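Below is one structure, written out as structure tokens; comments come after it.
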Amino acid sequence: MRWLKMLISAILPTNCGVVLMIINAKDWRRPAFDNDAKVQSAVAEMLAEIERDGNDAITRYSLKFDQCEPKVIALKPFEEYQLDPDLADSIKLAAKRIEAFASFQKEGLTSKTFSDDYGTFGQVVSPIERVGAYIPGGRYPLISTALMTLIPAKIAGCPVRVACSPSDNPAILAAASLAGATEFIRLGGVQAIGALTFGFDEIEPVNIIVGPGNAWVNEAKKQVQSRVKIDGLAGPSELLAICDGEQPVDWIALDALAQAEHDPLACSLIVSDDKKWLESLSDFLKSDKETLTLIDNGQIELIFASQPAELVDFSEGYAPEHLMLCHQKINAEQLSNYGSLFVGANSAVALGDYISGPNHTLPTLGYAKQSGGLSVSAFLKITTIQNVSDNGRVYLSNAAQKIADAEGLKFHAKSLQIRT
Ligand SMILES: NC(=O)c1ccc[n+]([C@@H]2O[C@H](COP(=O)([O-])OP(=O)(O)OC[C@H]3O[C@@H](n4cnc5c(N)ncnc54)[C@H](O)[C@@H]3O)[C@@H](O)[C@H]2O)c1
Ligand SMILES: [Zn+2]
């Protein structure tokens with residue numbers, strides 16, 4: 001739809017103001033990310049250089065993109081950072097709630113065994129040893145992401161938790177310290193993902209990299225997956241709000257603007273079956289000068305669907321990162337493709353960004369169809385253990401030998417036969 005808007009903007013005289021059309025749901029398509037190929041090849045080149053030249057390449061790229069040398073910063077205890085006391089209290093409250101939610105998620109993720117006539121078999125849940133947490137800091141220092149990425153790793157019991165951010169804002173350092181970072185590198189973008197993957201200075205490569213970031217960060221995470229586990233792809237923010245005509249226009253408008261302000265590629269869609277309500281939302285949005293750039297950039301879209309079932313289909317097809325459900329005739333159970341669901345207008349997405357407790361690192365670009373956001377389970381590995389009894393050795397070897405014979409794997413068959 002961006003091309004249509006551009007065309008209309010070009011035809012209309014400039015004093016006609018900004019164009020905020022109401023699009024029919026069936027005509028809407030997710031815009032292709034036209035930077036894909038360029039970003040892919042640039043990132044591949046950067047990672048290859050980092051693998052080859054190590055610290056030198058990391059430093060070169062950090063100077064080029066962030067105008068600073070990468071730096072390992074020793075973290076002080078949280079209380080020693082000179083933060084505004086109200087901010088410090090809010091960070092502590094957020095940390096407490098994120099920790100409580102991560103602990104709640106960990107319940108049930110336990111090692112267990114069962115025994116039968118043939119032995120004892122079980123699963124072992126253990127923490128991944130070395131974690132790398134990316135904390136975005138290009139446009140805004142995301143203090144909250146330090147808490148969201150590091151606290152679940154601490155709750156999972158991962159012993160090494162390396163934080164990377166292009167920002168050394170004291171509040172980020174303080175939050176990383178409170179959240180339990182064991183190391184902090186001031187480093188951003190592809191070079192940060194490269195450093196976590198291949199190592200930097202004294203810091204050894206990590207086993208898992210988590211955290212959101214811009215298109216560069218996500219492409220880099222995508223490309224290092226053969227060496228290191230990643231949590232998922234959490235790119236430029238998305239919001240889909242499903243609303244009936246009873247919702248407070250100003251609240252919903254501000255929720256849309258809030259997610260759009262993260263990044264020029266971030267996008268908020270408001271869908272409703274009440275055209276009049278969408279029109280008042282459009283009037284409200286156009287009345288505020290500060291929103292015009294976001295609207296002009298195609299980051300806020302208003303979409304009409306004729307009935308609730310069509311709203312549900314639209315949402316399930318789009319699979320947004322954040323989904324607001326503010327519609328009396330639709331139940332949460334009708335929806336399953338979302339990173340996090342915010343039910344009712346009280347549940348501002350910004351509460352989820354900061355303080356409610358569930359993780360804010362969430363899948364974008366439709367990945368919510370196959371995965372949820374970051375959780376304590378990402379930091380745990382589930383391995384298995386098998387202890388076959390004498391009875392099991394004879395009985396199971398007899399049966400397994402038949403399968404080995406059928407496969408033609410003769411030493412498999414012999415190793416079984418000798419036990420019968
Ligand atoms: N999906 C989620 O869960 C979630 C949560 C929070 C934030 N976010 C997203 O995180 C992102 C944060 O983005 P940001 O840019 O502010 O910070 P960022 O830290 O992700 O990226 C900044 C880095 O990008 C690199 N970079 C910038 N331009 C580049 C170029 N031309 N070539 C190579 N590298 C380049 C720089 O090295 C810089 O350090 C936003 O898109 C936001 O929507 C997503
Ligand atoms: Zn947000």
Side-chain angles (χ1 to χ4, degrees), residues 33 35 38-47 49-50 57-70 133-149 163-169 172 185-195 209-221 223 230-239 254-268 294 299 319-322 324 338-340 342 348-356 358-368 371-375 378:
F33 176 37
N35 226 6
K38 263 196 306 199
V39 172
Q40 263 169 31
S41 58
V43 168
E45 216 170 282
M46 289 171 74
L47 288 171
E49 241 179 88
I50 291 170
I58 291 168
T59 304
R60 212 163 42 239
Y61 283 123
S62 186
L63 287 168
K64 176 171 176 186
F65 292 115
D66 295 320
Q67 296 74 51
C68 66
E69 299 240 358
Y134 186 77
I135 304 161
R139 296 172 165 270
Y140 306 99
L142 296 191
I143 302 163
S144 48
T145 306
L147 307 177
M148 296 282 180
T149 51
C164 257
S165 178
S167 169
D168 62 355
N169 181 306
I172 283 219
I185 318 174
R186 182 191 180 176
L187 186 60
V190 180
Q191 52 283 7
I193 303 303
I209 300 175
V210 302
N214 63 14
W216 301 92
V217 169
N218 274 284
E219 180 57 34
K221 280 175 72 184
Q223 291 189 19
I230 67 163
D231 54 338
L233 296 171
S237 302
E238 298 167 352
L239 165 70
L254 286 169
D255 292 335
L257 295 166
Q259 293 318 305
E261 77 179 336
H262 274 291
D263 188 300
L265 293 172
C267 187
S268 293
L294 297 175
Q299 291 180 253
E321 177 196 9
H322 306 103
M324 285 185 84
Y338 51 77
S340 194
F342 296 76
V349 172
L351 286 174
D353 281 350
Y354 295 121
I355 212 158
S356 41
N359 213 285
H360 82 190
T361 309
L362 298 165
T364 54
L365 293 172
Y367 283 98
S371 62
L374 182 59
S375 90

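By convention here, the first residue in the shown sequence is residue 1. Ligands are counted one by one from 1 in listed order, and the atoms in each one are counted from 1 as well. Everything quoted here is computed from the prediction, not taken from an experiment.
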(message) Would you compute the distance between atom CG of L362 and atom CG of L374 and round it to the nearest 0.5 angstrom?
(response) 8.5 Å
Which atoms of ligand 1 are found less than 4.0 Å from any heavy atom of [X]?
| X | result |
| --- | --- |
| P236 | 41 (O), 43 (O) |
| L362 | 1 (N), 2 (C), 3 (O) |
| S237 | 8 (N), 42 (C), 43 (O), 44 (C) |
| E321 | 1 (N), 2 (C), 3 (O), 4 (C) |
| H360 | 2 (C), 3 (O), 5 (C) |
| V217 | 20 (O) |
| T364 | 1 (N) |

Does some side-chain heavy atom of [Y] sit less than 4.5 Å from a side-chain heavy atom of [X]?
| X | Y | result |
| --- | --- | --- |
| E238 | Y338 | no |
| E69 | S62 | no |
| T361 | T149 | yes |

Please write down residue, atom name and distance for the protein heavy atom closest to [atom].
| atom | result |
| --- | --- |
| atom 40 (C) of ligand 1 | D263 OD2, 3.4 Å |
| atom 16 (O) of ligand 1 | R139 N, 2.8 Å |
| atom 18 (P) of ligand 1 | Y134 OH, 3.5 Å |
| atom 32 (N) of ligand 1 | F65 CE2, 3.2 Å |
| atom 39 (O) of ligand 1 | D66 OD2, 2.6 Å |
| atom 7 (C) of ligand 1 | L142 CD1, 3.5 Å |
| atom 26 (N) of ligand 1 | W216 CD1, 4.0 Å |
| atom 4 (C) of ligand 1 | P212 CB, 3.3 Å |

(message) With a 4.0 Å cut-off on N to O distance, would you call R60 and E49 a salt bridge?
(response) yes
(request) Examine H262 and say whether one of its N/O/S atoms is closer to the Zn ion (ligand 2) than 2.8 Å. (result)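 Yes, since at least one N, O or S atom of H262 sits under 2.8 Å from the Zn ion (ligand 2).
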(message) So that I can check it, does any N, O or S atom in Q259 come closer than 2.8 Å to the Zn ion (ligand 2)?
(response) yes
Nearest heavy-atom neighbours spanning [X] and [Y]:
| X | Y | answer |
| --- | --- | --- |
| H360 | S144 | CE1-OG, 3.3 Å |
| Y134 | P166 | OH-CD, 3.4 Å |
| I135 | A163 | CD1-CB, 3.9 Å |

(request) Could you walk me through whether L233 and T364 pass side-chain contact (heavy atoms from CB on, under 4.5 Å), step by step? (result) CA-CA 7 Å; L233 296 171; T364 54; 5.5 Å; no
(request) Ignoring hydrogens and angles, state whether a donor on the side chain of S167 or N169 is under 3.5 Å from an acceptor on the partner side chain. (result)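 There is no such pair between these side chains.
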(request) Would you tell me whether Q259 and D353 have side-chain atoms, one donor and one acceptor, within less than 3.5 Å of each other? (result)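 On atom types as modelled, these side chains qualify, holding a pair under 3.5 Å.
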(message) Contact between ligand 1 and G235 is defined here as a heavy atom of the residue under 4.0 Å from a ligand atom; is it met?
(response) yes
(message) So for Q259, does at least one of its heavy atoms come nearer than 4.0 angstrom to any atom of ligand 1?
(response) no
Is [X] in polar range of ligand 1, meaning some N or O pair under 3.5 Å apart?
| X | result |
| --- | --- |
| N214 | yes |
| P166 | no |
| H262 | no |

(message) Does only the side chain of A266 get under 4.0 Å from ligand 1, or the backbone, or both, or neither? Count heavy atoms.
(response)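 A266 to ligand 1: no contact under 4.0 Å from either part.
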(message) For V190, which part has a heavy atom under 4.0 Å from ligand 1: side chain, backbone, both, or neither?
(response) neither
(request) Going by the side-chain contact (heavy atoms from CB on, under 4.5 Å) test, name the single residue among V210, V190, V43, D231 that passes it with K221. (result) D231
(request) Starting from the C-alpha separation in whole Å, work towards a yes-or-no answer on side-chain contact (heavy atoms from CB on, under 4.5 Å) for S237 and E321. (result) CA-CA 7 Å; S237 302; E321 177 196 9; 3.7 Å; yes
(request) Give the intermediate values and the outcome of side-chain contact (heavy atoms from CB on, under 4.5 Å) for residues R186 and S165. (result) CA-CA 5 Å; R186 182 191 180 176; S165 178; over 6 Å; no
(message) So, of the N/O/S atoms that D353 has, which is the nearest one to the Zn ion (ligand 2)?
(response) OD2
(request) Could you walk me through whether M148 and Y354 pass the side-chain contact (heavy atoms from CB on, under 4.5 Å) test, one step at a time? (result) CA-CA 9 Å; M148 296 282 180; Y354 295 121; over 6 Å; no
